[in-house]
Structures are given as C-alpha cells and as structure tokens.
Amino acid sequence: MIVVVKRNRKQKIMKFISLAVLVAMFSGYYFYMSKEFEEKQRIELEEKKAEKLKTQTEKKYKKNLEITILTEIEKAVDLIGQKYIQHVKIIDNKVVIICEPKTNLDALKVRYRSMALIKNTLNEIIIAIDIKYIVESRLNAK
C-alpha cells in the first residue's frame with residue numbers, strides 16, 4: 001500500500017508567516033526590555049549622582065561646623081588666657097574648659113553671658129559652653 005501525502009502550498013505559507021510573527025514578537029520583546037533596562041540604569045545613575053552630591057554637601061557642612069566650633073573654642077581660650085587653662089574637652093554637646101582656681105573670667109562672662117555655665121571648686125574652675133549656642137550664633141551672624 002502506498003500512502004500519498006499531499007502538501008498544500010497554503011501550509012508552507014502559513015508556517016512561514018507564523019515563523020515570521022514569532023521572530024517579530026521576540027525581537028519586539030527584546031527591544032522593549034532593552035529600553036526598559038536602559039531607563040532603569042539611567043534612573044539609578046541619577047540617584048547615585050544625587051546621593052553623591054548630598055554626601056558631599058553634608059561633608060562640607062560638617063567640616064564648616066567643625067571649623068566654627070574650633071574657632072569659637074580658640075576665642076574662649078584666648079579670652080581666659082591660655083596659661084590658666086588645664087583641659088579643654090567636648091562632652092555631650094558641651095565644650096568643657098577646666099581652669100585654675102584664680103582665673104579672671106570677666107571677658108568670658110561678657111561674651112557668653114548666661115550660656116557659659118561656671119562652677120567653682122577648690123582645685124579648679126569648670127566652664128561648660130553649649131555647642132548649640134555657638135552654632136546658632138554663627139548661623140545668625142552669617
């Protein structure tokens with residue numbers, strides 16, 4: 001017995017068209033996803049740039065703040081007189097200056113008024129100046 005299979009031209013055209021549609025669909029999906037990925041990378045790059053700029057401005061602000069505090073401590077030490085100073089420390093947002101017991105603090109009292117907390121003991125004088133006050137006075141001055 002011989003079986004004859006008749007091939008139709010329409011079947012060949014249909015296979016070719018379906019193959020072409022399949023290739024077009026995959027290429028369209030590929031280009032869509034590549035644009036999507038490119039957009040995500042662009043957004044991530046912008047976020048990184050913004051974050052880097054923010055960290056740079058924070059570093060600059062911190063540096064200026066540190067310089068401000070140090071210059072104010074230098075001024076306080078100059079007002080008291082460096083030879084009377086025993087220790088200068090920063091503890092809990094306060095600048096603590098420890099002086100000899102017979103130190104003249106009139107100039108310091110005039111500059112800082114009630115913001116300089118002064119405690120007299122038998123062996124030393126402890127002065128605490130609030131850093132917040134220093135920063136606010138500098139920001140208001142500028």
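Bear in mind the structure is a predicted one, so any value in this text is a computation, not a measurement.
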* Take M14 and K10 through the side-chain contact (heavy atoms from CB on, under 4.5 Å) test and state the conclusion after the steps. => CA-CA 6 Å; M14 200 56 131; K10 289 181 182 178; over 6 Å; no
* To do: Carefully, step by step, assess L45 and Q41 under the rule side-chain contact (heavy atoms from CB on, under 4.5 Å).
  => CA-CA 6 Å; L45 183 64; Q41 280 195 339; over 6 Å; no
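One distance of note links CD1 of I73 with OG1 of T71; it measures 8.5 Å at 0.5 Å rounding. Considering NZ of K102 and CG of L105, their distance stands at 13.0 Å, rounded to 0.5 Å. To the nearest 0.5 angstrom, N104 atom CG is 8.5 Å from K109 atom NZ. Rounding to the nearest 0.5 angstrom, the gap separating the CD1 atom in I67 from the NZ atom in K62 is 14.5 Å. With rounding to the nearest 0.5 angstrom, the NZ atom of K75 is 10.5 Å from the CD1 atom of I134.
Contacts of Y133 classified as side chain to side chain contact (heavy atoms under 4.5 Å, CB included), with partners at least two apart in sequence or in another chain: Y112, R113, M115, D130. Applying the side chain to side chain donor-acceptor pair (under 3.5 Å) rule to E46 yields the partners R42; only residues at least two apart in sequence or on another chain are considered. With sequence neighbours excluded, the residues forming a side chain to side chain contact (heavy atoms under 4.5 Å, CB included) with N120 are I118, I125, listed by chain and number.
Here R111 pairs with E72 in a salt bridge; the nearest charged N to carboxylate O distance falls below 4.0 Å.
One N or O on the side chain of T55 and one on the backbone of E51 form a donor-acceptor pair closer than 3.5 Å.
You'll find the side chain of D106 stays beyond 4.5 Å of the side chain of L108, heavy atoms only. The shortest side-chain heavy-atom distance between I126 and V96 falls under the 4.5 Å cut-off. In this structure, I97 and I80 have side chains that are in contact, with non-hydrogen atoms separated by less than 4.5 Å. K54 is listed as a side-chain neighbour of E58, based on a closest heavy-atom distance under 4.5 Å. Within the 4.5 Å cutoff, no side-chain heavy atoms of L53 are placed close to those of K49.
If you chain together hydrophobic residues whose side chains sit under 4.5 Å apart, I90 and L65 fall into the same group. The cluster map of Ile, Leu, Val, Met, Phe, Trp and Tyr, joined by side-chain heavy atoms under 4.5 Å apart, puts V135 and L70 in different clusters. No path of Ile, Leu, Val, Met, Phe, Trp and Tyr side chains, each step under 4.5 Å between heavy atoms, connects I127 with V110, placing them in separate hydrophobic clusters. Criterion: ILVMFWY side-chain heavy atoms under 4.5 Å apart, direct or through other members. Under it, I85 and I98 are not part of a common hydrophobic cluster.
Grouping Ile, Leu, Val, Met, Phe, Trp and Tyr by side-chain contacts under 4.5 Å, direct or through others, puts L22 with M25, F26.
For residues 76-94, the set of pairs meeting the side chain to side chain donor-acceptor pair (under 3.5 Å) definition, not counting sequence neighbours, is empty. Sequence neighbours left out, not one pair with a member in residues 12-37 passes side chain to side chain donor-acceptor pair (under 3.5 Å).
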